[in-house]
Every structure is written in structure tokens, then in C-alpha cells.
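When a residue number appears, it is its place in the shown sequence, counting from 1.
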Amino acid sequence: MDHSEKTIIQQLSQLAPDRPLTFGEAYQVAETQATTLLHLLDIRHAPADVGRLTELPHIEVQVEPRWRMPTLAGFSEWRNGHWLIVINRNSGTGRRRFTLAHELKHVIDHPARGTLYGQVGGRDEQERRKRIERICDHFAACFLMPRPWVKRAWANGIQDIDALAELFNVSAYAMKIRLAYLGFLDDEDRPVISYFRGEQPRTYSAI
């Protein structure tokens with residue numbers, strides 16, 4: 001199979017080295033994958049067109065009402081020869097977009113998840129799961145709010161969090177987290193680095 005015959009998901013999966021990653025390395029890989037995905041889908045400006053993700057081979061996306069998944073923002077599972085990603089319909093638009101990208105990262109990681117994240121969080125399984133969720137959040141943030149796009153918008157004078165959130169079609173809180181990560185906020189303005197507050201569990205991947 002040459003490069004042209006590989007699916008986009010396979011191409012992104014192979015950007016990760018075949019060995020355990022440190023937490024920092026996992027963040028770097030996630031950003032590289034998100035940047036590559038934007039390039040492969042020819043998405044060049046904000047807001048990122050998440051509809052293109054629903055067109056990927058072997059990916060099916062469904063939305064379900066909150067009563068069917070009251071504690072979840074979304075989940076992903078392999079079903080009948082394809083990946084099913086289910087999103088909570090009652091979440092806000094920015095949250096639904098973020099959840100879709102987050103769950104896609106779980107799909108990308110699936111073939112090598114045991115190897116990649118075997119040492120993330122040490123021997124604490126709960127901590128390992130939390131860190132994997134943060135890695136998937138980082139991928140989603142890099143896809144929806146790419147570093148160069150945010151820097152360009154900021155340089156062009158769009159420095160209000162709500163205005164930036166509207167431009168990138170994300171929640172204001174997610175935008176604040178991203179700005180903090182990229183160093184645009186003063187230390188006293190930095191929120192806790194968690195893209196969603198007080199909503200656990202927020203995503204679940206049934207593999």
C-alpha cells in the first residue's frame with residue numbers, strides 16, 4: 001500500500017512513533033496530526049469545517065438527545081466495520097464541534113493506543129485515562145484553533161475572547177484555554193487547563 005492508498009486516518013496514525021510517548025511528546029504528536037489533517041482536507045481558514053470529518057472513510061457521525069446519553073458529550077466505538085461517533089445533540093454548537101474532533105483523535109490512536117500511552121500517567125490507571133482525554137482535547141483545540149490562525153487573528157487586532165470564540169466557532173471558555181496555552185493571557189488570567197468545567201465524564205470511547 002503506497003501513501004496515496006492509505007486513508008487519512010491511517011496517515012495520521014502513522015505520524016506517531018511506534019513506542020511509548022511522554023505526555024509532552026503526545027501533545028506534539030497531537031498538534032502535528034491536527035495540522036496535517038487541516039492540510040489533507042484543505043481547510044485553510046476559521047471556522048474549521050468539521051463537516052469534512054463526517055466525510056472521512058469508515059466514519060459515521062450521529063447526534064443523539066441528552067436523555068439517551070445524559071452524562072456524556074460524546075463517544076466513539078467500532079461497529080459493523082466502521083467507526084461510529086455519537087455526539088450529544090443538546091450540547092452547544094462549539095461543544096459539539098470540539099467533541100467530534102476529540103473523538104476523532106481516539107479513532108486515530110486506536111491501533112496503537114496501548115503502545116503510545118502505556119507509560120502516560122505511570123501506574124495510575126485513572127491518571128492515565130485523564131491524560132489521554134487531555135491529549136484528545138489538545139488535538140481538538142489544535143484542529144479548531146490552529147496556532148498560526150489564532151496568532152494571525154490576534155495580530156490583526158481581534159483580542160477579545162468572545163470575538164475570537166465567534167470567529168473560530170468554539171465556546172468562550174475553550175477559547176480562553178487555548179489563548180492561555182499559547183501564551184496570550186497574563187498568568188493571573190490563566191484558567192485551569194481543562195476545556196470543560198464540572199462535567200465529568202464528558203467523553204467516552206468504547207473500544
Side-chain angles (χ1 to χ4, degrees), residues 12 21-38 43 45-50 53 71-76 85 87-88 90-109 116-117 120-121 126-205:
L12 297 176
L21 300 176
T22 66
F23 192 49
E25 288 174 333
Y27 260 48
Q28 293 172 3
V29 169
E31 182 161 4
T32 298
Q33 289 171 329
T35 301
T36 301
L37 179 58
L38 290 166
I43 299 175
H45 57 79
D49 183 3
V50 298
L53 304 183
T71 63
L72 300 176
F75 66 87
S76 52
I85 298 177
I87 307 296
N88 193 319
N90 295 93
S91 297
T93 300
R95 178 69 181 276
R96 293 197 303 270
R97 286 164 51 82
F98 199 98
T99 300
L100 175 54
H102 172 110
E103 290 301 325
L104 185 69
K105 173 60 170 163
H106 281 301
V107 172
I108 293 167
D109 288 342
L116 293 177
Y117 303 134
V120 171
Q126 184 176 3
E127 181 63 22
R128 186 179 74 88
R129 290 180 178 273
K130 286 181 180 179
R131 291 194 174 201
I132 291 172
E133 292 302 308
R134 286 177 61 185
I135 292 162
C136 292
D137 279 353
H138 185 62
F139 172 86
C142 292
F143 179 78
L144 296 173
M145 299 167 279
R147 184 187 302 262
W149 299 8
V150 174
K151 288 185 174 181
R152 182 165 58 246
W154 190 273
N156 287 337
I158 307 175
Q159 299 181 4
D160 176 77
I161 291 175
D162 289 334
L164 286 166
E166 182 177 359
L167 174 64
F168 288 91
N169 200 359
V170 297
S171 72
Y173 192 75
M175 191 73 244
K176 188 174 184 179
I177 294 290
R178 186 61 171 156
L179 290 173
Y181 180 82
L182 295 176
F184 287 104
L185 299 182
D186 294 334
D187 288 342
E188 61 267 23
D189 295 328
R190 288 172 178 261
V192 176
I193 304 301
S194 175
Y195 278 92
F196 301 107
R197 294 174 290 185
E199 301 180 18
Q200 293 292 340
R202 63 177 181 274
T203 55
Y204 172 72
S205 297

> Going through the checks in order, is the side chain to side chain contact (heavy atoms under 4.5 Å, CB included) test met by N88 and L72?
Replying inline: CA-CA 7 Å; N88 193 319; L72 300 176; 5.7 Å; no

> Taking the side chain as C-beta and beyond, is there a heavy-atom pair between K130 and Q126 under 4.5 Å?
Replying inline: yes

> Could you give the distance from CZ (R178) to CG (L185), rounded to the nearest 0.5 Å?
Replying inline: 12.5 Å

> Under a 4.5 Å cut-off applied to non-hydrogen side-chain atoms, are R131 and Y117 in contact?
Replying inline: no

>> Using a 3.5 Å distance criterion without hydrogens, assess whether the side chain of R97 forms a donor-acceptor pair with backbone atoms of N169.
In response: yes

> Between CE of M175 and CG of D162, what distance do you get to the nearest 0.5 Å?
Replying inline: 11.0 Å

> Passes side chain to side chain contact (heavy atoms under 4.5 Å, CB included), L144 versus V50? Steps please.
Replying inline: CA-CA 8 Å; L144 296 173; V50 298; 3.6 Å; yes

> Is there a side-chain contact between D137 and H102, using heavy atoms and a 4.5 Å cut-off?
Replying inline: yes

>> If you apply the rule side chain to side chain contact (heavy atoms under 4.5 Å, CB included), what do you find for F23 with R134, and how did you get there?
In response: CA-CA 10 Å; F23 192 49; R134 286 177 61 185; 3.9 Å; yes

>> Can you confirm whether E103 sits close enough to V107 that some side-chain heavy atom of one is under 4.5 Å from a side-chain heavy atom of the other?
In response: no

>> Using the rule given for side chain to side chain contact (heavy atoms under 4.5 Å, CB included), can you reason through I85 versus L100, listing the C-alpha separation, both sets of side-chain angles and the distance that settles it, and then say yes or no?
In response: CA-CA 7 Å; I85 298 177; L100 175 54; 4.0 Å; yes

Show me, pair by pair, the donor-acceptor contacts under 3.5 angstrom made by side chains of residues 30-38, not counting sequence neighbours?
unit_1, atom_1, unit_2, atom_2, d
E31, OE1, R147, NH2, 2.9
E31, OE2, R147, NE, 3.0
E31, OE2, R147, NH2, 3.4
T32, OG1, Q28, O, 3.1
Q33, OE1, K105, NZ, 2.5
Q33, NE2, L12, O, 2.9
T35, OG1, E31, O, 2.9
T36, OG1, T32, O, 2.7

>> Using every non-hydrogen atom in the two residues, find where V120 and R128 come nearest and quote the distance to one decimal.
In response: O-CG, 2.9 Å

> E133 and R129: salt bridge (charged side-chain N to carboxylate O under 4.0 Å, His left out), yes or no, with the steps?
Replying inline: CA-CA 6 Å; E133 292 302 308; R129 290 180 178 273; over 6 Å; no

> Looking at NE2 of H45 and CG of L167, how far apart are the two atoms once the value is rounded to the nearest 0.5 Å?
Replying inline: 10.5 Å

>> Under the ring pair (Phe, Tyr, Trp, His ring centres under 6.0 Å) definition, can you give me all pairs with a residue in residues 128-153, not counting sequence neighbours?
In response: Y27-H138, H138-Y181

> Just how far is it from atom NZ of K176 to atom CD1 of I161, taken to the nearest 0.5 Å?
Replying inline: 5.5 Å

>> Restricting to non-hydrogen atoms, name the atom on S171 and the atom on A174 that form the minimum distance, rounded to 0.1 Å.
In response: OG-N, 3.0 Å

